[in-house]
2 protein chains.
Amino acid sequence: MTATPSPLVLMLRKLETHAVLDAADRVAMLALPYTLRTYEPSSYLVREGDAPEQCAVLLSGFAYRQKLTGAGMRQIVSLHIPGEPLDFQHLFLDVADHNVQTLTRAEVATIPRTALRELARTRASIGNAIFINTLVEASIFREWILNIGRRDARSRLAHFLCEFAIRLDMQGLTGGEGYELPMSQEQLGDALGLTAVHVNRTIKSLEIDGLITRNRRRISFPQWDALRELADFSSRYLHLAQQRL
Amino acid sequence: MTATPSPLVLMLRKLETHAVLDAADRVAMLALPYTLRTYEPSSYLVREGDAPEQCAVLLSGFAYRQKLTGAGMRQIVSLHIPGEPLDFQHLFLDVADHNVQTLTRAEVATIPRTALRELARTRASIGNAIFINTLVEASIFREWILNIGRRDARSRLAHFLCEFAIRLDMQGLTGGEGYELPMSQEQLGDALGLTAVHVNRTIKSLEIDGLITRNRRRISFPQWDALRELADFSSRYLHLAQQRL
DNA sequence: CGATCCATTGAGGGCGATCAAAAACCGTGG
DNA sequence: CCACGGTTTTTGATCGCCCTCAATGGATCG
């Protein structure tokens, strides 16, 4: 009956968490040309300075955006989970201003930028959906700034963990309680503006207080509400259609 | 001969720094309905939680975006100069996720959101220009994260001063050398993730090193290249049409 | 000329960085 | 199954950047 489902349905689902699309929109979007590719951990999908011609969508695995200072310090500026488009940020810009890298092994669908732009132009609702997606991303950037600028290490880490939990949940990627954190403490530090050593101590401190439990990189949340309060976390900035928290 | 120029030409000029518009686009944009209003310093233009119905454009004066932690700490997440649209970030979102406040007395043109959305829908090039504008803003957010997360106070402040200089210059707002910083050291601290006291000491340290000179809030740059190097500043992330630096 | 806001300066403390090393974990191959 | 090199996590000790608290000085404006 049905053909094998296009891997782009993942992106579709993501876009539909913030925008309304009709059947024709869905068909048009799933008709986009794409190529599949698998990347090893730490592969570059976009390099600062590149002229982006493709638009990558993450199908499985995790990725992040990253910038480097002249002195070589790394700052991760966002984290991406399966289903999220990675290159809308460059859809209309000629030169990439940051790097995009895989965190884990990842499957990616690559769509020609021109096809996507054409689709956005001809179907206004899809154009809107793409726009909304980048607006929500911008909102997450703002909260990230607040988190790094004004919260201490414990709250900062807690906030990060909360955001990741909610976003995984939104995409239906949580298997019951907790999740596997797909990054090293070094990378966690780069995301939070801390050192790996201090991340380690901060995680342990949360663990000792019973706010999280850990097994390798698997984290769960026996006291979600307490963690959320410490994190000063409100999901408003994620612009969930239905505010679940 | 010519009618009094619409105040919206300022926004038009801003959009045209990143996108190409034709004569018809310009006419259509200048035909947008708007109302003028003047705000006192520290007035709220948008409050977190609001349902934004208007889109404000800054005609004169300065403004900033800001978020607060539960504990009441403030983080400024962006700064805006005359000509910049302030509400594209909320054009397609139902609830504001941050506050927008004037820094100085400011004149603002307010455009109904529906009119702007309609214009973006019917004229693709204008829709693109608006999209590009938000993409560039997102890029500035990312650099802001890097700045706060990974640079020490001196470089951080220097980077902020460089960015402001370049952006003023882009909009043709620099009268010769240096500029008047439209904010208190307290506000600078809130922008940089520092305390006002430390901002004071950091400014003085830049001054002692001869990297800036000050008179009240007027700042000039006798050693621009040295400051730029300390700041680790590259203008790539601003996506200037012609890279001037 | 007081009131208020802002800039400045000092003293002291703490959070997170730095440096260094050990321990745990991982995939690989003998 | 164990030996291994490489990565990641963990822990300790010390340092320093920036914060906190507090007070003074300057500027502006009724």
Asks: What verdict does the side chain to side chain donor-acceptor pair (under 3.5 Å) test give for Gln89(B) and Arg142(A), after you've listed the backbone C-alpha separation in whole Å, the side-chain angles of each residue and the deciding distance to 0.1 Å?
Replies: CA-CA 11 Å; Gln89(B) 292 292 338; Arg142(A) 289 188 287 268; 3.0 Å; yes
Asks: Can His159(A) and Tyr237(A) be said to form a ring pair (Phe, Tyr, Trp, His ring centres under 6.0 Å), step by step?
Replies: CA-CA 12 Å; His159(A) 191 281; Tyr237(A) 74 99; 5.8 Å; yes
Asks: Kindly indicate, with the supporting measurements, whether the criterion side chain to side chain donor-acceptor pair (under 3.5 Å) is fulfilled by Ser155(A) and Asp232(A).
Replies: CA-CA 7 Å; Ser155(A) 297; Asp232(A) 184 30; over 6 Å; no
Asks: Whole-Å distance between dT7(D) P and Gln187(A) CD?
Replies: 13 Å
Asks: Should the pair Phe62(A) and Phe164(A) be assigned to parallel (<30°), tilted (30 to 60°) or perpendicular (>60°) ring geometry?
Replies: tilted
Asks: Can you measure His198(A) atom NE2 to dA13(D) atom P for me and round it to whole angstrom units?
Replies: 18 Å
Asks: To the nearest 0.5 angstrom, please state how far the OG atom of Ser220(B) sits from the CD atom of Glu177(B).
Replies: 5.5 Å
Asks: Would you check if the distance from the ring center of Phe221(A) to the ring center of Tyr179(A) is below 6.0 Å?
Replies: yes
Asks: Between dC21(D), dC19(C), dC18(D), which nucleotide gets closest to the side-chain atoms of Val197(B)?
Replies: dC21(D)
Asks: Distance alone, cut at 3.5 Å: any donor-acceptor contact between the side chains of Asp97(A) and His239(B)?
Replies: yes
Asks: Distance check needed: dA7(C) P versus Lys204(B) NZ, whole Å only.
Replies: 14 Å
Asks: Remember a base hit wins even if backbone is also touched, and classify Arg201(B) as base, sugar-phosphate or nothing at under 4.0 Å, heavy atoms.
Replies: base
Asks: Could you tell me how far apart Asn215(A) (CG) and dC25(C) (C1') are, to the nearest whole angstrom?
Replies: 13 Å
Asks: I want to check one thing: is the phosphate of dT9(D), taken as OP1 and OP2, less than 4.0 Å away from some side-chain N or O of Arg217(A)?
Replies: yes
Asks: Starting at atom CZ of Arg214(A), determine the distance to atom P of dC25(C), rounded to an integer number of angstrom.
Replies: 11 Å
Asks: Tell me, which of residues 148-159 of chain B have any heavy atom that sits under 4.0 Å from an atom in DNA chain D?
Replies: Asp152(B), Ala153(B)
Asks: Ignoring backbone atoms, establish whether Thr195(B) has a side-chain N or O less than 4.0 Å from OP1 or OP2 of dC19(D).
Replies: yes
Asks: Nearest whole Å is fine: how far is dC26(C) P from Gln185(A) CD?
Replies: 13 Å
Asks: Heavy atoms under 4.0 Å, any strand shown: does Gly193(B) hit a base, just sugar-phosphate, or nothing?
Replies: sugar-phosphate
Asks: Can you check the Arg216(A) CZ to dA24(C) P distance for me, whole Å?
Replies: 12 Å
Asks: Looking at dT9(D), I'd like to know if its phosphate oxygens (OP1 or OP2) sit under 4.0 Å from a side-chain N or O belonging to Asn200(A).
Replies: no
Asks: Check the distance between dA17(C)'s P and Leu188(A)'s CG and give it to me in whole angstrom.
Replies: 12 Å
